[in-house]
Protein chains: 2
Amino acid sequence: MSGPRFEPVRTVRAYERIVEQVEQAIESGALSPGQRLPSERDLMGQFSVSRSTVREALRVLQARGLVRSRPGDPNGAEVLPFSPDALQKSMASLARVEGLSLGELVQFRMVLDGSANLLAARLRTAGQLAEMQAAIERMREAVTEGYDAFSAADVAFHDAVARASGNKLIQICVEVVRSIVLGLVADRLADAPDREALMRRSIRHHEEVLAAVRDGDGPLAARLARRTMYDYYAGYVPAAERPALRALLDQPNAVPE
Amino acid sequence: MSGPRFEPVRTVRAYERIVEQVEQAIESGALSPGQRLPSERDLMGQFSVSRSTVREALRVLQARGLVRSRPGDPNGAEVLPFSPDALQKSMASLARVEGLSLGELVQFRMVLDGSANLLAARLRTAGQLAEMQAAIERMREAVTEGYDAFSAADVAFHDAVARASGNKLIQICVEVVRSIVLGLVADRLADAPDREALMRRSIRHHEEVLAAVRDGDGPLAARLARRTMYDYYAGYVPAAERPALRALLDQPNAVPE
DNA sequence: CTAGTGCACTGGTCGGACCAGTAGGCTACG
DNA sequence: CGTAGCCTACTGGTCCGACCAGTGCACTAG
């Protein structure tokens, strides 16, 4: 005989309930970025828990990048606008724990950047095109200024493309993965002896990409973007991993070592 | 005159220092998954802080998915193997906060799945090919069993492809984004009146993709994979967003509404 | 009217206490 | 002698009360 079927109850920690409530309030828009939560001492009243519990909940919310709290603030914790920081932290930690190789990261960038260019070629606005042009201009100026300025302009170009793709997810992932890759190779790029030649070649490549985006030739833009990325980073990727990168290029046999 | 230049000191919370230390121990491999941290009462001794501070640090580590703690455990918190849970939480939260549309998510899946197939076509092993074949087999059987079984088999196929791509990052992102998409449309897919026809068509499409992967034709596999994804989800994406999805297909004009 | 000083907040940290679980040793019973 | 059961020594979860170091604002003294 089967009476009422009982299900195992899952004990839910008090601080988790608080996290849920606040999280939901933020996601539903009841709390919008810039607004402030009540102070911890107020919250302990509202939730009927101790301050320790409130604080543990706030720590979790803070770790997820949803709020920020500073001592001395006249109000409680501030609700933050979304930032990919938390995402980036998880992914950077993943990269270290899982031992993500530079090759995999670059490959992923090739995928994302290629697709972003494909979409940008078809969906870009005139203003976005101008931003890309301006970024290349800055890259040109920065050749003599040093690696940091060049890199910043380069980043601006790829960001403009990502925005033009019209897909926020692509935009965010581009940003996250790029920052990880740059963190891994920045010093090596900055110290490269043939730095200036590298920069000039990179600028030429970017111009080709831009031309394809301007002409609306998505597949070409994607192909060139992947090629640009490959040329720029392949030297830093262990030779054993390069074939996997070349698999994303369209004439893998035509690519010299 | 310029004496020694002083830099503003950034006050670092005690619990953050603890998080850093433990995080670094895990990432460096000094603590490996399955091992256990000392108990909270031990840690407060080792770090010379109060238990509250230790606990806040542990909450952060737990929120990042690095450790788990259960009451009654004879030892301290358990170090977890990496899981994309934290990543998924950040991204799911992002999807809600930023108002990521279903269109963007599906578009992202088209990008990832397409690239995964492109790579898989060139890098797959025979065993991975067999896994994909088996997954399609299960999809076929599941047509009569119901949506859940079918969906599970479908997921298995895409996972096999992602694994065959050889890129862990692609693998993880595929998993994360898919779970979000399925969460958004699962009920609608399950309740579709023409469900069985949808399933059969989907199987046919998967077979075509598999054939291309088997033959090593990466670009074809990628194109078919994107098309398969589009056909499966386009009906649930607002009409206004569909053109952006079709921009990823190769003959956008040939795609009927 | 302004410059300066407090005061009334904020979060960060501490220490101690109690509860509710669990695991494993110990005891008492068969 | 073996085992079923209890009991203790842990664990984390929660609460309380306290103190400190910042911050912002109102109020006061010049």
Side-chain angles (χ1 to χ4, degrees), chain A residues 6-23 25-26 31 33-80 85, chain B residues 6-23 25-26 31 33-80 85:
Chain A
F6 297 115
E7 296 186 354
V9 292
R10 139 187 107 92
T11 81
V12 180
R13 321 288 197 268
Y15 72 88
E16 285 180 347
R17 307 283 281 264
I18 299 179
V19 169
E20 281 173 20
Q21 285 196 45
V22 177
E23 206 166 25
I26 293 178
L31 282 171
Q35 281 190 36
R36 291 176 174 276
L37 265 52
S39 76
E40 296 179 357
R41 290 170 175 85
D42 275 355
L43 288 175
M44 61 185 278
Q46 294 189 31
F47 288 112
S48 295
V49 296
S50 76
R51 199 170 149 221
S52 329
T53 306
V54 168
R55 284 181 59 77
E56 294 194 17
L58 288 178
R59 283 287 89 81
V60 174
L61 290 167
Q62 182 173 316
R64 296 201 189 150
L66 294 176
V67 306
R68 178 189 53 177
S69 47
R70 276 182 340 187
D73 254 0
N75 301 305
E78 180 183 1
V79 178
L80 292 179
D85 278 7
Chain B
F6 298 116
E7 296 187 353
V9 291
R10 139 188 107 90
T11 81
V12 180
R13 322 283 149 33
Y15 72 89
E16 285 180 345
R17 307 284 279 265
I18 299 179
V19 168
E20 281 172 21
Q21 285 196 46
V22 177
E23 206 166 24
I26 293 177
L31 282 171
Q35 284 188 34
R36 292 177 174 278
L37 264 50
S39 76
E40 296 179 357
R41 289 169 176 85
D42 275 356
L43 288 176
M44 60 186 278
Q46 295 190 29
F47 289 111
S48 295
V49 295
S50 76
R51 198 170 152 220
S52 330
T53 305
V54 169
R55 284 181 59 76
E56 294 194 18
L58 289 177
R59 283 286 89 80
V60 174
L61 290 167
Q62 184 174 314
R64 297 206 187 144
L66 293 177
V67 306
R68 177 188 52 178
S69 47
R70 275 182 340 189
D73 254 3
N75 301 305
E78 181 183 359
V79 178
L80 293 179
D85 277 7

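The basis for the numbers below is simple: all heavy atoms, side chains too, and nothing from hydrogens, waters or symmetry mates.
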For [X] and [N], give me the distance from atom [atom1] to atom [atom2], rounded to whole Å.
X	N	atom1	atom2	value
A:Arg36	C:dG11	CZ	P	10 Å
A:Leu43	C:dG12	CG	C1'	16 Å
A:Asp73	C:dC9	CG	C1'	11 Å
A:Arg41	C:dT10	CZ	P	6 Å
A:Phe47	D:dC16	CZ	P	16 Å
B:Met44	C:dG15	CE	P	6 Å
B:Arg13	D:dA21	CZ	C1'	11 Å
B:Glu40	C:dG16	CD	C1'	15 Å

Query raised in the report: Just checking, is any N or O donor in the side chain of B:Ser69 or B:Glu78 under 3.5 Å from an acceptor N or O on the other one?
Result: no

Query - Interatomic distance, A:Leu80 atom CG to A:Arg64 atom CZ [nearest 0.5 angstrom] - result: 14.5 Å

**Report entry** Separation between CG of A:Asp42 and CZ of A:Arg51, rounded to the nearest 0.5 Å
**Finding:** 11.5 Å

Query raised in the report: Looking only at heavy atoms, which two atoms of B:Val60 and A:Ala63 are closest? And how far apart?
Result: CG1-CB, 4.1 Å

Requested in this report: For residues B:Arg70 and A:Arg13, report the shortest heavy-atom separation together with the two atoms involved.
Outcome: CA-NH2, 4.4 Å

Query raised in the report: When you measure from the side chain of A:Arg59 to the backbone N and O of B:Glu56, does any donor-acceptor pair fall under 3.5 Å?
Result: no

**Report entry** Contact residues, residues 48-63 of chain B to DNA chain C [heavy atom, < 4.0 Å]
**Finding:** B:Ser48, B:Val49, B:Ser50, B:Arg51, B:Ser52, B:Thr53

Query raised in the report: Does A:Arg70 have a side-chain nitrogen or oxygen under 4.0 Å from the phosphate oxygens OP1 or OP2 of C:dG11?
Result: no

